[in-house]
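Notes follow the structure.
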Amino acid sequence: MKKHIAAFLVISIAVSALGFAQQITKFAVVDTNKVYQAYFRNSAPVRNYESKKEEFQNELDKQIVELQRLNDKKIEYERSGNEAEAMKLESQITKKTDFINEYTNAKNTELDSLKKSLQDNNAFYRQLYDTLARVAESGGYSMIMNLQEANAVLWYSPSVDITDQVISQLGL
């Protein structure tokens, strides 16, 4: 009987230890800045922003080449003594310069607005938090900490960094 009680106690302690072991809190960390960059580098809105930025720069380059051509032609007219043609070109140069300045201001405002909307993208954060919840539940994590929070994480083992897993789950 004593053997049965001793065996029962050993089994009870083992079962309790297993139960206790399963209750250990499991932490993970995520570099949200890295996730954010991966998401927006591959997102349609960022590609649209980059496309508009490139389009703007190409048009600006074209306008500057045209302005330089007008300036060169004006210098030729001045050297040859054709002041009337040089004055006509001066007027065109002023108009072209004003157009370039207005175009640049308008496009920079447009690009700034697009950039701000990218930075304030709530859809990204909803998707990030949903993905973090799925990764936490599937990995058995009780808590996921953000590496960007000042003084929140003093040290961590690379084995608890799930950043790449989150990026993969986001499909990036």
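Note on Met87: it does not cluster hydrophobically with Ile93, by side-chain heavy-atom contacts below 4.5 Å among ILVMFWY residues. Linking Ile, Leu, Val, Met, Phe, Trp and Tyr whenever their side-chain heavy atoms come within less than 4.5 Å puts Val29 and Phe27 in one cluster.
Contact check for Lys34 versus Asp164: side-chain heavy atoms found under the 4.5 Å cut-off. Under the 4.5 Å side-chain criterion, counting only non-hydrogen atoms from C-beta, Val65 is not in contact with Asp61. A heavy-atom distance below 4.5 Å is found between the side chains of Ile100 and Leu60. The side-chain heavy atoms of Glu54 and Asn58, taken from C-beta on, include a pair separated by under 4.5 Å. At a threshold of 4.5 Å between non-hydrogen side-chain atoms, the residues Leu114 and Tyr49 count as touching.
Remark: Asp161 CG to Met145 CE distance equals 13.0 Å, nearest 0.5 Å. The distance from atom CG of Leu70 to atom OG1 of Thr94, rounded to the nearest 0.5 Å, is 10.5 Å. Taking CG of Leu89 as the start and CG of Asn82 as the end, the distance is 9.0 Å to the nearest 0.5 Å. Here Asp130 contributes atom CG and Arg134 contributes atom CZ; the two are 6.5 Å apart, rounded to the nearest 0.5 Å. Glu50 contributes atom CD, which lies 9.0 Å from atom CG of Leu111 (distance to the nearest 0.5 angstrom). Note that CG of Leu170 is 11.0 Å distant from CD of Gln165, once rounded to the nearest 0.5 Å.
Between Tyr141 and Val135, the shortest heavy-atom contact is CD1-O, 3.8 Å. Shortest non-hydrogen contact noted between Thr104 and Phe56 is CA-CE1, 3.9 Å.
Ion pair Lys74/Glu78 flagged as a salt bridge, since at least one NZ, NE, NH1 or NH2 atom sits closer than 4.0 Å to an Asp/Glu carboxylate oxygen. The pair Lys52-Glu110 meets the salt-bridge criterion, since a charged nitrogen lies less than 4.0 angstrom from a carboxylate oxygen.
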Check your understanding: Under the side chain to side chain donor-acceptor pair (under 3.5 Å) criterion, do Gln63 and Glu59 qualify, and how do the steps go?
Key -> CA-CA 6 Å; Gln63 295 295 326; Glu59 181 60 28; 2.7 Å; yes
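Within the 3.5 Å criterion, the main-chain N or O of Glu55 finds no donor-acceptor partner in the side chain of Lys107. A donor-acceptor contact shorter than 3.5 Å links the side chain of Thr163 to the backbone of Asp31. Side-chain N or O atoms of Ser113 include none that pairs as donor or acceptor with a backbone N or O of Thr109 at under 3.5 Å.
When the shell of 6.0 Å around NZ of Lys73 is examined, it contains 12 or fewer heavy atoms from other residues, nucleotides or ligands.
Applying the salt bridge (charged side-chain N to carboxylate O under 4.0 Å, His left out) rule to Lys95 yields no partners; only residues at least two apart in sequence or on another chain are considered. Residues passing the salt bridge (charged side-chain N to carboxylate O under 4.0 Å, His left out) test with Lys88 are Glu85, sequence neighbours excluded. Applying the side-chain contact (heavy atoms from CB on, under 4.5 Å) rule to Tyr129 yields the partners Tyr125, Leu132; only residues at least two apart in sequence or on another chain are considered.
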